[in-house]
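The block underneath contains the structure these notes are about, expressed in structure tokens.
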Amino acid sequence: MDLRTVLVVGTGLIGTSAALALRKRGVRVLLADRDQGAVRLARELGAGEEWQPIKGEQATVPAAERADLAIIAVPPAHVATELLELQRIGAARFYTDVASVKAEPIHRAAQLGCDLATYVASHPLAGREKSGPGAAREDLFLGRPWALCPTEEADPEAKAAVLRLIELCGANAVEVGAIDHDRAVAVVSHAPHVAASAVAARLADATDVALGLAGQGVRDVTRIAGSDPGLWLGILSGNASPVAEVLEAVANDLADAASALRALAEGDGTATNEITQLLKRGVAGHDRIPGKHGGPASSYAAVQVVIGDRPGQLARLFQVCDEIGVNVEDVRLEHAPGLPLGIAELSVEPDAAGTLTEALHERGWQVP
């Protein structure tokens, strides 16, 4: 399936990122959004050209001007109505959406009488805590899973068009049923977001002393809680039951942990068993998260380096790694409160940790 022209309806983070990725691969991209400011910014970023929708009840897009594929990048509650209107005017040969909920939009599209033969729902498992076209990146989907959920009515050509989109964006296609998809993202995305928000909410009333002691751990746990609440309300509303089931299980674990800690505070030493079991289950779950390139999780050695908070320091640090041929698998930065320095934690293969540590010492770096 050759995609020469793609229409992107909704120029937020995901829509604009897809547009940028497609433009890089030489695809002509048309942009549409009810927010003219968002369209204008996406266009200025090089994501494509503005699409002028056909108006009038009887108006249709001439066959020669139809896009090969329309990407509907709007909130889940609006996917079906947007699909119906685009199909009414014949905006494209095939259609997909990129909402993070799949079962409800598909069900609603069927209720409205949309043509399910030309529509294949999809969802790129990629994002950022920032939103809007200004946060878009052409490499947002590289190596990321991209779910597609074709119905029984879907035309093979429609599925091929979506697979080509996924390929052009550099993602990995994963075919899955809509209900299974929604249950899966409830576990790996939606419920974790609510949990992170619950933890972050405790910080709203925290003392200045507590916030002054905040380290990388609390930043890691609460990072995604900084996302747009309005956007997430739409996502959670569309996947309410599966998310509720996961949160109820998490709440039960937390309630049991709280009870055990109360007992421990009152001198019941046996309460440590229940807490230990939860912590061990947490380790086991963490270890199941896929590692680099989607493969099995790997164990890396962490090399910590004191780094000044000034321009060029990270570049110098990575230059040392390049000189000695050590690949950095991951990097984390932790700033020292009140001081113009921090700690850079470089994750490397275990057999490379000693080589890197020695090279850094030789070049004057402080390695704790």
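The first residue of the sequence shown is numbered 1, and numbering continues consecutively from there.
Side-chain contact between R363 and E323: present, with at least one pair of heavy atoms (C-beta onward) separated by less than 4.5 Å. Side-chain atoms of L165 and L3, non-hydrogen and from C-beta on, do get closer than 4.5 Å to each other. Using a 4.5 Å heavy-atom cutoff, the side chains of L125 and V185 are in contact.
Residue L69 holds its CG atom at 12.0 Å from CZ of R164, rounded to the nearest 0.5 Å. Between atom NE2 of residue H107 and atom CD1 of residue I179 there is a gap of 10.5 Å, rounded to the nearest 0.5 Å.
Annotation for V39 and A32: closest pair CG2-C, 3.9 Å, computed over non-hydrogen atoms. The heavy-atom pair separating L31 from R43 by the smallest distance is CD1-N, 3.9 Å. Nearest approach of G238 to V101, heavy atoms of both residues: O-CG1, 3.1 Å. When all heavy atoms are compared, the tightest approach of F141 to I14 is CZ-O, 3.7 Å.
Distance alone, capped at 3.5 Å, places no donor-acceptor pair between the D68 side chain and the V6 backbone. Judged by distance alone, with hydrogens and angles left aside, the side-chain atoms of R108 form no donor-acceptor pair with the main-chain N or O of E104 at under 3.5 Å. For R93 (side chain) and R66 (main-chain N/O), no donor-acceptor pair under 3.5 Å exists by modelled atom type. At distances below 3.5 Å, at least one donor-acceptor pair connects side-chain atoms of T96 with backbone N or O atoms of V120. Side chain of D322 to main chain of F318: no donor-acceptor pair is present (N/O by atom type, distance under 3.5 Å, no hydrogens or angles). Remark: the backbone N or O of S122 is paired with a side-chain donor or acceptor of K102 at under 3.5 angstrom. Of the possible donor and acceptor atoms, one in the side chain of T207 sits under 3.5 Å from a partner among the backbone N and O of A210. Within the 3.5 Å criterion, the main-chain N or O of G269 finds a donor-acceptor partner in the side chain of T272. Of the possible donor and acceptor atoms, one in the side chain of Q87 sits under 3.5 Å from a partner among the backbone N and O of D115. No donor-acceptor distance shorter than 3.5 angstrom exists from the side chain of D139 to the backbone of L142, with no hydrogens or angles considered.
Within 6.0 Å of atom CZ in R183, 12 or fewer heavy atoms from other residues, nucleotides or ligands are found, so the atom counts as exposed in its surroundings. Residue-environment remark: CG (L211) exceeds the threshold of 12 foreign heavy atoms within 6.0 Å. The local environment of CG in D208 is sparse, with at most 12 non-hydrogen atoms from other residues, nucleotides or ligands closer than 6.0 Å.
Residues passing the salt bridge (charged side-chain N to carboxylate O under 4.0 Å, His left out) test with E175 are K159, sequence neighbours excluded. The side chain to side chain contact (heavy atoms under 4.5 Å, CB included) check on S227 picks up E129, H193, W232, with sequence neighbours excluded.
Ion pairing of E50 with R40 is absent here, as no side-chain N (NZ or NE/NH1/NH2) approaches a carboxylate O to less than 4.0 Å. A salt bridge is defined here as a Lys NZ or Arg NE, NH1 or NH2 lying under 4.0 Å from an Asp or Glu carboxylate O, and D253 with R281 meets this definition. Of the charged side-chain nitrogens involved, at least one lies within less than 4.0 Å of a carboxylate oxygen, so that D2 and R4 count as a salt-bridged pair.
With hydrogens and angles left out, the side-chain atoms of E138 and S17 include no donor and acceptor closer than 3.5 Å. Checked by atom type, the side-chain pair R316/Q319 shows no donor-acceptor distance below 3.5 Å. In this structure, a donor-acceptor pair under 3.5 Å is present between the side chains of D33 and T11. One side chain, Y119 or D97, offers a donor N or O that lies under 3.5 Å from an acceptor on the other.
Under a hydrophobic clustering in which Ile, Leu, Val, Met, Phe, Trp and Tyr are joined whenever their side-chain heavy atoms come within less than 4.5 Å, directly or via other members, L41 and L22 fall into different clusters.
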request  = Please step through side chain to side chain contact (heavy atoms under 4.5 Å, CB included) for the pair L30 and T5, ending with a clear verdict.
outcome  = CA-CA 7 Å; L30 306 175; T5 302; 4.0 Å; yes

ask   = Between E167 and L163, does a side chain to side chain contact (heavy atoms under 4.5 Å, CB included) hold up when you go through it step by step?
value = CA-CA 6 Å; E167 179 186 2; L163 286 170; over 6 Å; no

